[in-house]
Engineer: 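Please see the structure below; I have some questions.
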Protein chains: 2
Amino acid sequence: MAGRAQALYRKVAADLERGISEGAYGSGGKLPAEGVLAEQYGVSRGTVRQAMSVLRANGFVASRRGTRRVVLRTSQSQSFGELLSFTRWARSTGEEPGGRVVRAVQGPASGTESARLRVAEGAEVCRVLRVRTLSGRPVMVERTVYPEAVGALVAELEPDTVSFTVRLEEQGVLFADAQHTIDLVPADATDAELLGCGEGDVLLREQRRSTDPAGAPIEFSEDRYLPGTVAFTANSSAGSGSLARRAGRPSSG
Amino acid sequence: MAGRAQALYRKVAADLERGISEGAYGSGGKLPAEGVLAEQYGVSRGTVRQAMSVLRANGFVASRRGTRRVVLRTSQSQSFGELLSFTRWARSTGEEPGGRVVRAVQGPASGTESARLRVAEGAEVCRVLRVRTLSGRPVMVERTVYPEAVGALVAELEPDTVSFTVRLEEQGVLFADAQHTIDLVPADATDAELLGCGEGDVLLREQRRSTDPAGAPIEFSEDRYLPGTVAFTANSSAGSGSLARRAGRPSSG
DNA sequence: GAGTGGTCTAGACCACCGA
DNA sequence: CGGTGGTCTAGACCACTCC
């Protein structure tokens, strides 16, 4: 009963998510019991529970012993790809994304870089500085470091390539996991010039370390957004929250 | 084999997390196979997999078919309580937390408030404005709205109560899930006065809607931090990411 | 007490990775 | 080709909620 293009439990989860976002159960409404859903979909209770764990992780339902699951929110969820790719995100919001490479250099990894990319200190890495635009308006400055193997692919891309992420995926680079840190940082001279703001103005910073299915780092990126251009959302639960709060500036750049 | 204070899979997960953070497998190292762990802990493979799903959700391991799981990070993870409670968070970082109620009023819920707390429009809600301090230094302004039942408990707390969250939990209010939005917002006159910054200065905003195990909203809070005082971290994966990116100011306050 | 979700087991087959 | 994780099933017992 395995070996399908898409796992059964993912189809069930997707179907339930569709139902929820279409308001089939209402906001705060109750989902059918596991047993009922199992029969409806013709699957075992275990498969229904696997689907439910996806919905729970995405913040759609609350669940506890003794009562049926309750709808927590009805909005659609965003995909992993839209989180990693500025281009995909922009398009999903109806905006026209753009990007321009300001600088791309190769060189030996610093101590910080080698730790973040898990390569030997002094190993060659590829650094790219880009401005990202929405409908021509600069909104974000992106500083990305790639390990040598990925950097070789990046180096072959045209400077005006809109989405590096999409191109890398086409080359077989798979993004599987990412760790993010979100905080504030004052704009430096480069940020100010590229974004058209004042030096020292506060920007929203997202640092991101993406890894492939084998756990090997693909990129480390530091993105700085102008105020009012972006918001991040997350869900957390007592069982296992992915979101956490840290003190001050953990790795000020 | 059920009916324990803590589920077996949670003990296994906690034990593995401890091993990982103590470097027993190294950074980027491989974990033992599921079958091996099942035998070691004397549990079934299903229980080991449940434990692994916790580790995966918390960003500790990457996993794929064909090879053993790989350690992604070795740092300790924060608890759900430390995410929701400013006080617990501050103490976990070695700081001395403080809080002062600036204003606490009751009144009919606005349209926005009623939607956020899932109460009828015009239903009584309790609004609290507080300054939060670290070692006496103001770092955050907190605007929280409680539904009437919770507000009644809050109203009985002393104004200098350090942690409302902890006191509410003592009264039997259980926090089970939360949805968060993180973005930037300019300081208004109140923020500026309470935080000692300029009006219009950019602050980091976290909006949070917490619900109990039944899915009923407990609070809606809007917290505004001074730059350099806080950072949020999150993990996401292709399977089911809890983090997402949204456009502009989704619900500007 | 009936209904429901939480936990655990045992076993099966498959897809994938790497030697 | 053996080892490993991914998926699915069937069944069991328990804790909890609500009537």
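These numbers were taken from a predicted model, which means no experiment stands behind them.
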Engineer: In this structure, how many angstroms lie between the P atom of D:dA10 and the CD atom of A:Glu39, rounded?
Structural biologist: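 Result: 12 Å.
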
Engineer: Please give, in whole Å, the distance from D:dA10 C1' to B:Arg45 CZ?
Structural biologist: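 B:Arg45 atom CZ is separated from D:dA10 atom C1' by 16 Å.
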
Engineer: Does the side chain of A:Thr47 get closer than 4.0 angstrom to OP1 or OP2 of D:dT9 through an N or O atom?
Structural biologist: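 Checking D:dT9 against A:Thr47, a side-chain N or O does come within under 4.0 Å of OP1 or OP2.
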
Engineer: Can you see if the side chain of B:Arg64 gets near the phosphate of D:dG3 - specifically, an N or O under 4.0 Å from OP1 or OP2?
Structural biologist: no

Engineer: Under 4.0 Å from OP1 or OP2 of D:dT4: is there any side-chain N or O of B:Arg68 that close?
Structural biologist: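 Yes, such a contact exists.
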
Engineer: Would you verify whether the NZ or CZ of A:Arg73 falls within 45 degrees of the ring axis of A:Phe60 while also being under 6.0 Å from that six-membered ring's centre?
Structural biologist: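 Yes.
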
Engineer: A:Ser44 side chain N/O closer than 4.0 Å to the phosphate oxygens (OP1, OP2) of D:dT9?
Structural biologist: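 Yes, such a contact exists.
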
Engineer: Among B:Thr87, B:Val173, B:Val101, B:Leu153, find the one that has a side-chain contact (heavy atoms from CB on, under 4.5 Å) with B:Phe164.
Structural biologist: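 With B:Phe164 as partner, side-chain contact (heavy atoms from CB on, under 4.5 Å) holds for just one option, B:Val101.
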
Engineer: From C:dT4, C:dT7, D:dT9, pick the nucleotide closest to the side chain of B:Tyr9?
Structural biologist: C:dT7

Engineer: Nearest-Å distance, CD (A:Gln6) to P (D:dG6)?
Structural biologist: 16 Å

Engineer: Take atom OH of B:Tyr41 and atom C1' of C:dT9, then tell me their distance rounded to the nearest Å.
Structural biologist: 19 Å

Engineer: Separation of B:Met52 atom CE from D:dG5 atom P, in whole Å?
Structural biologist: 7 Å

Engineer: Output the rounded distance in Å from CZ (A:Arg65) to P (D:dC18).
Structural biologist: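 Whole-Å distance recorded here is 14 Å.
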
Engineer: Rounded to the nearest 0.5 Å, how far does CG of A:Leu31 lie from CZ of A:Arg68?
Structural biologist: 8.5 Å

Engineer: Let me know the distance between CD of A:Glu34 and P of C:dA2, rounded to the nearest Å.
Structural biologist: 20 Å

Engineer: So, OP1 or OP2 of D:dG5: does either fall under 4.0 Å of a side-chain N or O from B:Arg49?
Structural biologist: no

Engineer: Take A:Gly66 and A:Ser63, find for each the nucleotide of DNA chain C with the closest heavy atom, and name the residue whose nucleotide sits nearer the 5' end.
Structural biologist: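 Looking at DNA chain C, the more 5' nearest nucleotide goes with A:Gly66.
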
Engineer: Ignoring the backbone of B:Gln50, work out which of C:dT7, C:dT9, D:dT17 is nearest its side chain.
Structural biologist: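 My answer, after comparing the listed nucleotides, is C:dT7.
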
Engineer: Quick check for you: to the nearest 0.5 Å, what is the distance between A:Glu17 atom CD and A:Gln76 atom CD?
Structural biologist: 5.5 Å

Engineer: Quick one: on DNA chain D, does B:Pro32 or A:Thr67 contact a more 5' nucleotide (nearest heavy atom)?
Structural biologist: B:Pro32

Engineer: What is the distance, to the nearest angstrom, from the CG atom on A:Leu37 to the P atom on C:dG3?
Structural biologist: 17 Å

Engineer: Among A:Arg130, A:Arg143, A:Arg208, which one satisfies salt bridge (charged side-chain N to carboxylate O under 4.0 Å, His left out) with A:Asp223?
Structural biologist: A:Arg208

